[in-house]
Amino acid sequence: MTEQADIPRLPAAGTTPVAILRVTMVLTRFSKQSRGLALGHRLIEQTCFERFAMQRLNAKGTLYELAIPYLSRDLLDEVIATLLDDMYRIAEDNQCLLETSFHEPATDSHWD
């Protein structure tokens, strides 16, 4: 029996479409005295990414893939805007700077 997990499939009638997004994320400390880098990184993964079938695509934790279900493109935009707000808030709460962007390869859409 062969593995077919890597074959993209169109959604069946009546199912919710899912956007597959690539997320780049770089967290840096505000200053040398800032100690929240690891915690901020972990909180972003747990709070923002895990509910969307997060896959870490590199060992450094700067590239992720998320699967976000959506009912309309406008609602997808709202979900991503909320994620960005949450990510920036977590970074700031942990004395970190955040550089991030979301990219949907299927439509070549970008959010940041």
Side-chain angles (χ1 to χ4, degrees):
M1 189 171 185
T2 61
E3 274 296 316
Q4 294 184 353
D6 293 330
I7 299 172
R9 297 190 183 127
L10 293 174
T15 62
T16 303
V18 175
I20 304 299
L21 303 178
R22 291 281 171 104
V23 180
T24 57
M25 177 179 79
V26 178
L27 271 180
T28 54
R29 291 179 170 88
F30 279 155
S31 69
K32 291 179 183 177
Q33 291 79 24
S34 299
R35 301 201 179 270
L37 186 65
L39 177 60
H41 202 106
R42 187 170 63 248
L43 285 173
I44 288 172
E45 285 185 351
Q46 291 172 346
T47 307
C48 301
F49 293 170
E50 283 184 356
R51 62 187 158 166
F52 296 115
M54 172 191 85
Q55 291 184 13
R56 192 185 262 207
L57 300 179
N58 64 7
K60 292 191 298 185
T62 58
L63 186 60
Y64 297 85
E65 185 173 273
L66 305 179
I68 302 179
Y70 63 95
L71 297 175
S72 71
R73 295 303 291 189
D74 288 340
L75 290 175
L76 177 62
D77 288 344
E78 287 180 30
V79 168
I80 293 170
T82 300
L83 279 173
L84 287 167
D85 287 346
D86 291 346
M87 291 169 70
Y88 280 105
R89 180 186 44 76
I90 291 168
E92 187 174 327
D93 288 351
N94 288 279
Q95 300 178 336
C96 295
L97 297 172
L98 172 66
E99 291 181 45
T100 189
S101 66
F102 288 64
H103 176 234
E104 183 182 25
T107 62
D108 201 30
S109 299
H110 294 268
W111 299 264
D112 47 20

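A quick note: this is a predicted structure, and the numbers were derived from the prediction, not measured.
Criterion: ILVMFWY side-chain heavy atoms under 4.5 Å apart, direct or through other members. Under it, Val79 and Met54 are part of a common hydrophobic cluster. Clustering ILVMFWY residues whenever any of their side-chain heavy atoms sit less than 4.5 angstrom apart, transitively, puts Leu97 in a cluster other than the one holding Leu84. Residues Leu39 and Leu37 are members of one and the same hydrophobic cluster, defined by side-chain heavy-atom contacts under 4.5 angstrom among Ile, Leu, Val, Met, Phe, Trp and Tyr. Grouping the Ile, Leu, Val, Met, Phe, Trp and Tyr side chains by contacts below 4.5 angstrom, directly or via other members, places Leu43 with Leu83.
Met87 places a side-chain heavy atom less than 4.5 Å from the side chain of Met25. Proximity of Ile20 to Glu65: side-chain heavy atoms (C-beta onward) are separated by under 4.5 Å at one or more points. Contact annotation: the side chain of Phe49 approaches that of Leu66 to within less than 4.5 Å [non-hydrogen atoms, C-beta and beyond]. The shortest distance between side-chain heavy atoms of Thr100 and Asp112 does not fall below 4.5 Å. Using a 4.5 Å cut-off on side-chain heavy atoms (C-beta onward), Val18 and Ile68 make no contact. Side-chain contact between Leu57 and Arg22 is present, with at least one heavy-atom pair separated by less than 4.5 Å.
Applying the ring-ring contact (aromatic ring centres under 6.0 Å, His included) definition to pairs two or more places apart or across chains, those involving residues 80-112 are His103-His110.
Within a 6.0 Å radius of CD in Glu99, no more than 12 heavy atoms belonging to other residues, nucleotides or ligands are found.
Under the 4.0 Å criterion applied to side-chain N and carboxylate O atoms, Arg89 and Asp85 are not assigned as salt-bridge partners. The existence of a salt bridge linking Arg56 and Glu45 is confirmed by a sub-4.0 Å separation between a basic side-chain nitrogen and an acidic carboxylate oxygen.
Atom CD1 of Ile44 sits about 12.5 Å away from atom CD of Glu50, to the nearest 0.5 Å. How far OH of Tyr70 is from OG1 of Thr16: 10.0 Å, rounded to the nearest 0.5 Å. In this structure, CG on Asp86 lies 5.0 Å from SG on Cys48, to the nearest 0.5 angstrom.
Across all their heavy atoms, Arg29 and Lys32 have their closest contact at CD-O, 4.5 Å. Shortest non-hydrogen contact noted between Ala67 and Ala53 is CB-CB, 4.3 Å. Across all their heavy atoms, Ala91 and Leu98 have their closest contact at CB-CB, 3.8 Å. Listed here is the closest heavy atom pair of Phe52 and Pro69: CD2-CD, 4.2 Å.
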Stepwise salt bridge (charged side-chain N to carboxylate O under 4.0 Å, His left out) check, Asp77 with Arg73: CA-CA 6 Å; Asp77 288 344; Arg73 295 303 291 189; 5.8 Å; no
